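Computed from a predicted structure; not experimentally measured.
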Amino acid sequence: MTDNLHPLTQEQRQTAYQAACQAVMRAIGSRPAREQFAQHTISKYPPSVIRLISLLCIVLLLAAFTPSAIRLYVIGSQTFGQTVDDSVARTAVGIATVLSAEVGQVVFSLALATLGTSRSARRLLYGSMGIATILALTGNIQVALPGHTHSPFAWLEAIAPPLLVLSTAYVLKEQMLQSIERRHADERAYQAALAGWQAATDRPEQHPHWSQFYANALRDALRKANARRRDALSQMTQDEWRNAVTREMQADEWYASADSDRAPLPVEPAMTTPMVANISRNGTRPKAAVAAG
């Protein structure tokens, strides 16, 4: 029954090969998307709890920032106005004092989450954060305590806002660091999945079930090429189909196998013509002569 089938042409075999590659691609699946790994790393707490903590920290940060920023603006502008009598300059210096003290605490604390990788960088950031904190504490104490030095609440109300800003910034820094670690772990998982997908799709012949996919594609091509012999195709056994598919797999190797069986031609040695010297009366002159056998 196998001998009665029309063999496939080279174009038909190539079409079957492409069909097998597409079957492998469907088996592997689509290209991984980065969105699929957005929540790949499981957090210790639910995302809703983390968002709630972040929201409360921002509210507390604004609450502690407001009285401290007002005092720092006042003390900064007044101190600068003692030497420079210019309203615009006093306003600018007051705003700069707030940014240097309060915002500096937050910035340097959050920078530790990403930039504090070396010992020298951490020392620099901690020192800068300490300077900003001292500036904030000194400005608040100088404005809030005159006339209220005997009031415990006045001391607490002067010192607490800058310290609360610093501690709240530390909480936000830790949350930011954990968020960065989770995103980095998700990115590593995505890159690993993408590398595996690319390796599998670049070489579909290396797929564990490639032989089965290619055999199915060749069998479908044989059925299409011998569509007029439906009765004969329906009676073919599994062994006959296996022989027919194996014949098609080996069809493109006919020239290579014939070339390997061909024996190399013997190489005959080249004939050389010796030169002999013929001496005449006029002198010695070389003359070519054929050597006698």
Side-chain angles (χ1 to χ4, degrees), residues 1-43 181-274 290-291 293:
M1 186 67 68
T2 304
D3 296 335
N4 295 330
L5 294 178
H6 292 298
L8 300 177
T9 62
Q10 182 179 6
E11 182 179 358
Q12 290 173 334
R13 285 192 296 271
Q14 291 176 349
T15 302
Y17 177 85
Q18 295 297 330
C21 292
Q22 294 176 1
V24 171
M25 295 291 292
R26 290 192 297 270
I28 295 174
S30 58
R31 179 188 178 94
R34 187 173 275 104
E35 292 78 12
Q36 298 173 349
F37 297 85
Q39 300 296 331
H40 182 268
T41 304
I42 300 177
S43 177
E181 290 178 352
R182 288 194 300 270
R183 288 198 299 268
H184 186 59
D186 294 342
E187 182 65 20
R188 288 201 308 266
Y190 164 72
Q191 293 296 337
L194 181 61
W197 182 87
Q198 289 177 344
T201 54
D202 289 343
R203 297 181 179 180
E205 301 87 353
Q206 303 296 329
H207 193 273
H209 304 293
W210 164 255
S211 299
Q212 185 63 50
F213 287 126
Y214 191 32
N216 292 337
L218 289 174
R219 185 178 63 178
D220 295 340
L222 286 171
R223 286 175 174 173
K224 185 177 180 180
N226 297 271
R228 297 181 179 180
R229 302 182 178 183
R230 296 181 179 178
D231 295 337
L233 293 175
S234 61
Q235 297 176 3
M236 289 182 63
T237 62
Q238 186 175 359
D239 291 336
E240 290 175 340
W241 274 116
R242 188 178 294 109
N243 293 333
V245 170
T246 303
R247 182 185 65 182
E248 295 298 333
M249 288 183 177
Q250 299 174 351
D252 289 332
E253 301 178 0
W254 65 272
Y255 182 79
S257 52
D259 185 64
S260 61
D261 295 338
R262 187 182 300 117
L265 297 176
V267 179
E268 297 181 356
M271 300 299 294
T272 58
T273 303
V290 181

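Panel note: side chain W197, backbone I28; no donor-acceptor pair is recorded below 3.5 Å. Although no hydrogens or angles enter the test, the distance criterion places a donor-acceptor pair under 3.5 Å between the side chain of R13 and the main chain of L8.
Within the model, atoms CD of Q14 and CD of E11 stand 7.5 Å from one another, a figure rounded to the nearest 0.5 Å. Atom CZ of R26 and atom SG of C21 lie 11.0 Å apart (nearest 0.5 Å). Remark: R219 CZ to R242 CZ distance equals 10.5 Å, nearest 0.5 Å.
Using modelled atom types and a 3.5 Å distance limit, the side chains of Q22 and Q18 yield no donor-acceptor pair.
Contact between E248 and P7 at its shortest, heavy atoms only, is OE2-CA, 3.4 Å.
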Could you list the donor-acceptor pairs under 3.5 angstrom formed between side-chain atoms of residues 209-217 and any protein atom two or more places apart in sequence or on another chain?
from	atom 1	to	atom 2	distance (Å)
Q212	NE2	N216	OD1	3.0
N216	ND2	Q212	O	3.2

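When R34, Q36, E35 are each tested for a side chain to side chain contact (heavy atoms under 4.5 Å, CB included) with Y190, only one passes: R34. Here the options are L218, L222, T246, the test is side chain to side chain contact (heavy atoms under 4.5 Å, CB included), and the partner is W241; only L222 passes.
Ion pairing of D186 with R183 is absent here, as no side-chain N (NZ or NE/NH1/NH2) approaches a carboxylate O to less than 4.0 Å.
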